[in-house]
2 protein chains.
Amino acid sequence: MATRQGFARSGGRPTLEEVAARAGVGRGTVSRVINGSPRVSDATREAVERAIAELGYVPNNAARALAANRTEAIALVIPEPGPRVFTEPYFAEIVRGVSAALADTSLQLLLTMAGSDRERRGLADYFGAHRVDGVLFVSLHADDPLPDLLDQLAIPTVVSGPRSADEPLASVDSDNAGGARLAVSHLLARGRTKIAAITGKLDVYGAQRRLAGYRETLADAGVGVDETLIEPGDFSEESGRLAMEALLARRPDLDAVFAASDVMAAGARQVLRESGRRIPEDVALIGYDDSPIARHLDPQLTSVRQPIAEMGRAMTEILLADIADPRPAAARRLDRPQLVLPSELMVRASS
Amino acid sequence: MATRQGFARSGGRPTLEEVAARAGVGRGTVSRVINGSPRVSDATREAVERAIAELGYVPNNAARALAANRTEAIALVIPEPGPRVFTEPYFAEIVRGVSAALADTSLQLLLTMAGSDRERRGLADYFGAHRVDGVLFVSLHADDPLPDLLDQLAIPTVVSGPRSADEPLASVDSDNAGGARLAVSHLLARGRTKIAAITGKLDVYGAQRRLAGYRETLADAGVGVDETLIEPGDFSEESGRLAMEALLARRPDLDAVFAASDVMAAGARQVLRESGRRIPEDVALIGYDDSPIARHLDPQLTSVRQPIAEMGRAMTEILLADIADPRPAAARRLDRPQLVLPSELMVRASS
DNA sequence: ATCGCCGATGGGAGCGCTCCCACGGTACCT
DNA sequence: AGGTACCGTGGGAGCGCTCCCATCGGCGAT
């Protein structure tokens with residue numbers, strides 16, 4: 001293998017200069033070939049490419065980064081919370097999407113889990129020191145100062161769920177309202193009319209949107225929204241249980257439940273069972289996220305699936321476009337995409 | 001905040017040189033302070049540190065890497081397989097452990113998902129080009145050429161599960177045999193004697209060890225190993241189903257099942273239910289991995305928990321120690337740790 | 001008082017690359 | 001023929017840091 005011979009012969013790694021010498025051209029020309037500049041004749045390009053192959057040359061990233069003041073790396077920041085948040089494969093799916101989008105570029109993915117405030121402070125310095133070309137944020141908290149700091153530093157940034165309806169940064173989201181609409185429409189189509197909702201934490205924008213979708217669908221269908229059928233949760237199983245108990249106490253006549261997460265649906269299911277109700281005969285149940293739990297619940301849980309990997313991919317593509325955009329930060333700031341990807345209803349036995 | 005002022009004033013980021021000027025010392029001295037060299041007087045060190053704080057100086061990684069021929073980064077390589085392998089939070093847990101171990105260092109974590117052969121070839125060049133100081137491998141395939149290549153290149157490497165009993169690279173593993181032993185002992189203690197095993201893919205070393213633990217425990221207890229009670233699976237739910245059917249056909253009298261993964265246990269559970277058997281009254285069931293599914297199965301599944309995050313942490317610590325080891329590669333190669341971390345049995349309703 | 005030694009320090013010489021200016025050559029115009 | 005535009009190209013000048021050698025004092029030993 002040519003590559004390996006290259007290593008062995010020189011002892012160290014071949015440099016640009018050596019490639020240039022071998023190809024009989026100057027450093028600048030080799031650099032142009034490597035960077036795909038059009039200002040190189042075909043013959044020269046070919047000669048350079050041959051020399052690169054023969055020597056097994058691979059550019060030194062550090063040198064490039066230093067000389068060009070780029071880093072060839074983007075960071076994925078995950079505000080790492082308690083140990084068990086990764087119970088759902090959300091994070092892994094995002095990473096999959098991101099790294100798929102990165103596959104044909106030469107960019108590196110830097111993973112940053114920053115739970116504590118101290119760590120986040122470090123990050124600010126870190127990003128400020130120009131150590132990444134762009135930053136991807138996953139599941140951002142509404143009160144996180146980091147994104148705004150990045151904005152000031154003019155570092156391209158994309159977040160994975162807008163923090164509000166007027167998110168200032170570029171963002172990618174799944175259609176939470178649409179997902180809820182799918183679920184509720186499906187229940188209506190099945191003849192259910194007393195459809196309860198267990199919401200997520202309502203300071204999370206996505207949870208608001210899911211609730212909004214629920215409301216809109218019922219209103220549009222002429223069924224009307226009954227506030228006694230709505231109970232807040234916080235995405236946890238325990239909160240699903242509690243919400244279900246409250247709902248049942250208030251509205252024992254309900255015939256369907258739309259929970260804003262599978263985990264809450266699992267809690268609700270337990271309470272429904274204990275109350276002697278059958279699923280879906282007496283009460284239909286729908287969750288959200290299409291997590292692995294959904295498929296293992298008994299009965300299998302109908303759930304709304306978000307295209308998580310696609311979201312990761314889309315975030316990355318938006319980020320890359322922003323990085324590549326030659327206009328000054330002020331101009332780029334003007335047209336920041338707010339992408340919303342459609343959700344899908346996975347119909348199973350529980351509805 | 002001093003840091004922010006620093007940015008604003010200079011327009012660009014402060015450099016070593018500026019810090020040196022401000023502290024009234026030479027570049028070399030500042031460099032020594034930053035790198036914690038002892039050959040600096042206390043007074044000077046203090047003056048330099050003050051200048052650093054005042055300017056909000058953060059070293060430029062690329063420049064350091066270039067000058068020192070280090071990279072300040074380690075790679076975590078995940079042989080990305082099909083879309084759905086991340087169904088279990090294994091990967092996320094490993095990342096948690098790794099990044100926890102990295103938290104007090106200044107090293108960066110580079111995430112590399114390399115599924116296709118083409119990507120892996122790229123990786124070889126990439127690592128060869130000295131772009132990382134060390135590499136962490138997760139769930140390595142037995143026939144992967146990459147680790148050996150890294151070994152030749154003398155790049156420190158740690159793998160997360162040895163590929164065989166005589167793994168040449170440093171490795172960290174959970175005690176698979178011990179985990180199986182816990183499970184089987186527990187079943188024996190509950191009075192079960194006809195304990196079946198559904199194994200994982202036996203070309204995976206961990207699966208072999210789990211089966212070995214099962215065998216040893218039965219042998220030690222004087223119960224004896226009955227080969228008709230052993231059926232191979234491949235870690236998938238479907239294979240769990242098939243294996244359970246085969247076992248039931250052959251040994252309808254079995255009173256317990258130890259499955260080498262929760263997912264297979266879920267498949268087995270379904271078949272047991274369909275056959276009219278009650279869990280755990282008629283047949284006790286134990287899984288492996290303590291995945292989220294375990295807690296959501298009905299009845300909740302007893303399962304063996306591996307300390308995954310701790311494994312990630314341990315891998316990283318071993319890697320860092322290897323990177324820091326000043327001895328030549330040949331010497332380092334001699335004492336490569338093979339760490340085995342204990343597993344734990346999470347007892348739930350199914351056993 | 002002189003010498004030698006050692007710890008503390010300054011700063012030159014790169015690390016491998018990109019950027020950019022300058023140069024020779026060709027093609028086309030007047 | 002002379003001029004003007006480019007195009008493709010070479011190579012100097014750094015990017016910000018670490019390494020390492022030279023230097024400078026101060027100290028105890030002689």
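All chains are named by letter (A, B, ...) in the order of the sequence lines, taking the proteins before the strands, and each is independently numbered beginning at 1. Nothing here was measured: the structure is a model prediction, and the numbers come from that model.
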Give each protein N/O atom lying under 3.5 Å from an N/O atom of nucleotides 23-28 of chain C, with the pair distance.
none

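- Nucleic acid contact for N69(A): none, since no nucleic acid atom lies under 4.0 Å from a heavy atom of the residue.
- Partners of D42(A) by salt bridge (charged side-chain N to carboxylate O under 4.0 Å, His left out), not counting sequence neighbours: none found.
- Where DNA chain D meets chain B (any atom under 4.0 Å from a heavy atom), the bounding nucleotides read 5' to 3' are dG16(D) to dC20(D).
- Separating the OG1 atom in T112(A) from the CG atom in L123(A) is a distance of 6.0 Å, to the nearest 0.5 Å.
- With sequence neighbours excluded, no residue forms a salt bridge (charged side-chain N to carboxylate O under 4.0 Å, His left out) with D143(A).
- Of the possible donor and acceptor atoms, none in the side chain of D173(A) sits under 3.5 Å from a partner among the backbone N and O of G161(A).
- Residues passing the side-chain hydrogen bond (donor to acceptor under 3.5 Å, both in side chains) test with S160(B): none are found, sequence neighbours excluded.
- Residues passing the side-chain contact (heavy atoms from CB on, under 4.5 Å) test with P168(B) are R163(B), sequence neighbours excluded.
- Axis angle between the ends of the helix from dA1(C)-dT30(D) to dT30(C)-dA1(D), five pairs each and rounded to 10 degrees, works out to 50°.
- In this structure, N69(B) has no side-chain hydrogen bond (donor to acceptor under 3.5 Å, both in side chains) partners at least two apart in sequence or on a different chain.
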Under 3.5 Å, sequence neighbours excluded: what are the donor-acceptor pairs made by side chains of residues 43-53 of chain A?
{"unit_1": "T44(A)", "atom_1": "OG1", "unit_2": "S41(A)", "atom_2": "OG", "d": "2.7"}
{"unit_1": "R45(A)", "atom_1": "NH2", "unit_2": "S37(A)", "atom_2": "O", "d": "2.7"}

N/O donor-acceptor pairs under 3.5 Å from side chains in residues 309-322 of chain A, not counting sequence neighbours:
{"unit_1": "T316(A)", "atom_1": "OG1", "unit_2": "G312(A)", "atom_2": "O", "d": "2.7"}
{"unit_1": "D322(A)", "atom_1": "OD1", "unit_2": "R332(A)", "atom_2": "NH1", "d": "3.1"}

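- Although no hydrogens or angles enter the test, the distance criterion places a donor-acceptor pair under 3.5 Å between the side chain of T157(A) and the main chain of I155(A).
- Every residue two or more places apart in sequence or in another chain was checked for a salt bridge (charged side-chain N to carboxylate O under 4.0 Å, His left out) with D148(A), and none qualifies.
- For the atom pair CG (L76(A)) and CD1 (I94(A)), the distance works out to 7.5 Å, reported to the nearest 0.5 Å.
- In the region residues 25-46 of chain B, proximity to DNA chain C at under 4.0 angstrom, judged on heavy atoms, holds for V25(B), G26(B), R27(B), G28(B), T29(B), R32(B), R39(B), V40(B), S41(B), T44(B).
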